[in-house]
2 protein chains.
Amino acid sequence: MARPSKPLLSPEIIVGAALEMTAETGGFTVPELAKRLGVRPSSLYNHVSGRAEIIELIRRQMHEAMAVRVDVNADWPDVVRLVASAHRASMARHPWLIPLLATSPADLDTSITTIENVATVLSKAGFTDQDVLMTIAMMDIITIGASLDLVSPQNLYPPEVLAETATLARITRSVPAGTPRADAAFEFTVELVIDALRTRLSRSRRAAVAADAATAAATGAATARHATG
Amino acid sequence: MARPSKPLLSPEIIVGAALEMTAETGGFTVPELAKRLGVRPSSLYNHVSGRAEIIELIRRQMHEAMAVRVDVNADWPDVVRLVASAHRASMARHPWLIPLLATSPADLDTSITTIENVATVLSKAGFTDQDVLMTIAMMDIITIGASLDLVSPQNLYPPEVLAETATLARITRSVPAGTPRADAAFEFTVELVIDALRTRLSRSRRAAVAADAATAAATGAATARHATG
DNA sequence: ACCTGAACACCGTTCAAGT
DNA sequence: ACCTGAACACCGTTCAAGT
């Protein structure tokens, strides 16, 4: 029962079991993990350096799971919707890891491709570099916040609390609580933001056109001379 | 050295020390907490039921810290800005508790007053009940996401990662990285959202006016008869 | 009422011993 | 190379004993 002819474990097997366990119980411990794998706790240390590395591997895998195939020719609002939804769904699957994900740099892995594609789409649509960067950061903020919101209790404002309020009580009463609150809030936010970006885009386009016109008028004679350069 | 004439501990003292410790090290353990208080671990159990209750008390205190005095007569964009900033700052002070805060219902405490006041301001400004609720949820999403973003590394996209990209690399190069990235992203998001809410508000006002006009036209004769009712 | 010391179950990790 | 068993330091918690 020492060294088996075929290894019983591997980093992949360990991470897989750990992911299962976190999905079921919201966390994992090394001894429980070993039991689930039919092995002694110390055996795991032949394949991973410890609990920290298991978590790190899970984090990597989540980042990879967040890779979304983006059609670089699609409309930018569709891309924003798609990527935001996918990221939110991926993160909400492992809420206790969200702080970890949010506070760790992007990996050398597939998820960076998604972001690169989003940047390309936004850039092609005419957003300024600054706006592209800010929009991507904003999407991060919203998906992280919304994924935590997604795993929060359906009833954020219990009746006892509402009893002490006037406006809030009236409002929560008058709004149909039917559709999942978190989904509605996420959709509202994304659509609002897309709307705002749209007007921002058309404003900056108009400004660009005006600037071009002004430049053209001011340097008209000069440009005419070497128009083919 | 058994029972002192004056108690050495109290829930407040324990929570205070725990908060100090989390601020310094990002967490706390019961034995360390006891050591800091010059007491044996078991002593704490005379005042709190256990580690879980200490965390719960911290959570309550954070909720209370997030209470913001809102001027109910201020402009709604100012209120949104103020409350969002204050919440983000409070949460970022204890990042490891953010998931806990986000996933626990509002307390019977002071923080609900802040929300009630925000609701009142938005309502008075003319937003529909639905929009008020969605806006508050959206503010939650944004402040939670932004507070986690605030504690993430300054350099989310390390050079090795950017090497594999074209658009993203160009953009991050062309944008001055001077001002703290997280602050800029938060401000961008809040202002964008306020802008969008502003146009949404004026749209719904126009719609209301139009509806009123239509109603008035249709029921003109009838209304004229009991205009004083 | 409130602090102590001993005790327990559990955790993460190390390492010599086995094949 | 890879699993095991014993061991260690640490954690959260309980409880009888003391004043």
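Quick note on labels: first sequence line is chain A, next is B, and so on, each numbered from 1.
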> Listed in order of residue number, which residues of residues 5-31 of chain B have a non-hydrogen atom at under 4.0 Å from DNA chain D?
Replying inline: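 Heavy-atom cutoff 4.0 Å gives B:Thr29, B:Val30, B:Pro31.
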>> Run the side chain to side chain contact (heavy atoms under 4.5 Å, CB included) test against B:Leu82 and tell me which residues pass, sequence neighbours left out.
In response: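 Expected list: B:Val68.
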> With sequence neighbours excluded, what pairs up with B:Ala166 under the side chain to side chain contact (heavy atoms under 4.5 Å, CB included) test?
Replying inline: A:Glu116
Under 3.5 Å donor-acceptor pairs involving side-chain atoms of residues 184-193 of chain B, not counting sequence neighbours:
unit_1   : atom_1 : unit_2   : atom_2 : d
B:Thr189 : OG1    : B:Ala185 : O      : 2.8
B:Glu191 : OE1    : B:Arg81  : NH1    : 2.7
B:Glu191 : OE2    : B:Arg81  : NH1    : 2.9

> Listed by chain and number, what are the salt bridge (charged side-chain N to carboxylate O under 4.0 Å, His left out) partners of A:Arg170, not counting sequence neighbours?
Replying inline: B:Asp129
>> Show me the pairs that pass side chain to side chain donor-acceptor pair (under 3.5 Å) and involve residues 4-17 of chain A, at least two apart or across chains.
In response: A:Ser10-A:Glu12
>> Going by side chain to side chain donor-acceptor pair (under 3.5 Å), name the pairs with one or both residues in residues 39-51 of chain B, residues two or more places apart or in two chains.
In response: B:Ser49-B:Glu53
>> Between A:Thr25 (side chain only) and A:Thr22 (backbone N and O only), is there a donor and an acceptor less than 3.5 Å apart?
In response: no
Just to confirm, is there a sub-4.0 Å distance from OP1 or OP2 of [N] to any side-chain nitrogen or oxygen of [X]?
X       : N      : answer
B:Arg51 : D:dG12 : yes
A:Ser43 : D:dC2  : no
B:Arg40 : C:dC3  : no

> Where does DNA chain D pair, written as one dot-bracket string 5' to 3', with Watson-Crick or G-U pairs under 3.5 Å, ( ) inside the strand, [ ] for crossing pairs and | for another strand?
Replying inline: ||.|||||...|||||.||
> Taking B:Val79 as the fixed residue, which of B:Asn117, B:Leu122, B:Thr120, B:Val121 is the one that meets the side-chain contact (heavy atoms from CB on, under 4.5 Å) rule?
Replying inline: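 Answer to the side-chain contact (heavy atoms from CB on, under 4.5 Å) test with B:Val79 among B:Asn117, B:Leu122, B:Thr120, B:Val121: B:Val121.
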> Atom NZ of B:Lys35 to atom C1' of D:dC11: distance rounded to whole Å?
Replying inline: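 For the pair B:Lys35 NZ and D:dC11 C1', the rounded distance is 13 Å.
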>> Rounding to an integer number of Å, can you tell me how far B:Asn46 CG sits from D:dT13 P?
In response: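 Taking CG of B:Asn46 and P of D:dT13, I get 14 Å after rounding.
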> Using a cut-off of 4.0 Å between protein heavy atoms and nucleotide atoms, how would you tag nucleotides 14-19 of chain D 5' to 3' with B, S and -?
Replying inline: BB--BB
So which protein N/O to nucleotides 7-9 of chain C N/O distances come out below 3.5 Å?
none

>> Just to verify, what does A:Phe28 make a ring pair (Phe, Tyr, Trp, His ring centres under 6.0 Å) with, not counting sequence neighbours?
In response: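 Testing A:Phe28 for ring pair (Phe, Tyr, Trp, His ring centres under 6.0 Å), a comparison that skips the adjacent residues, returns none.
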> For A:Phe127, which residues count as a ring pair (Phe, Tyr, Trp, His ring centres under 6.0 Å) partner, sequence neighbours excluded?
Replying inline: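 Here the qualifying residues are A:Trp76.
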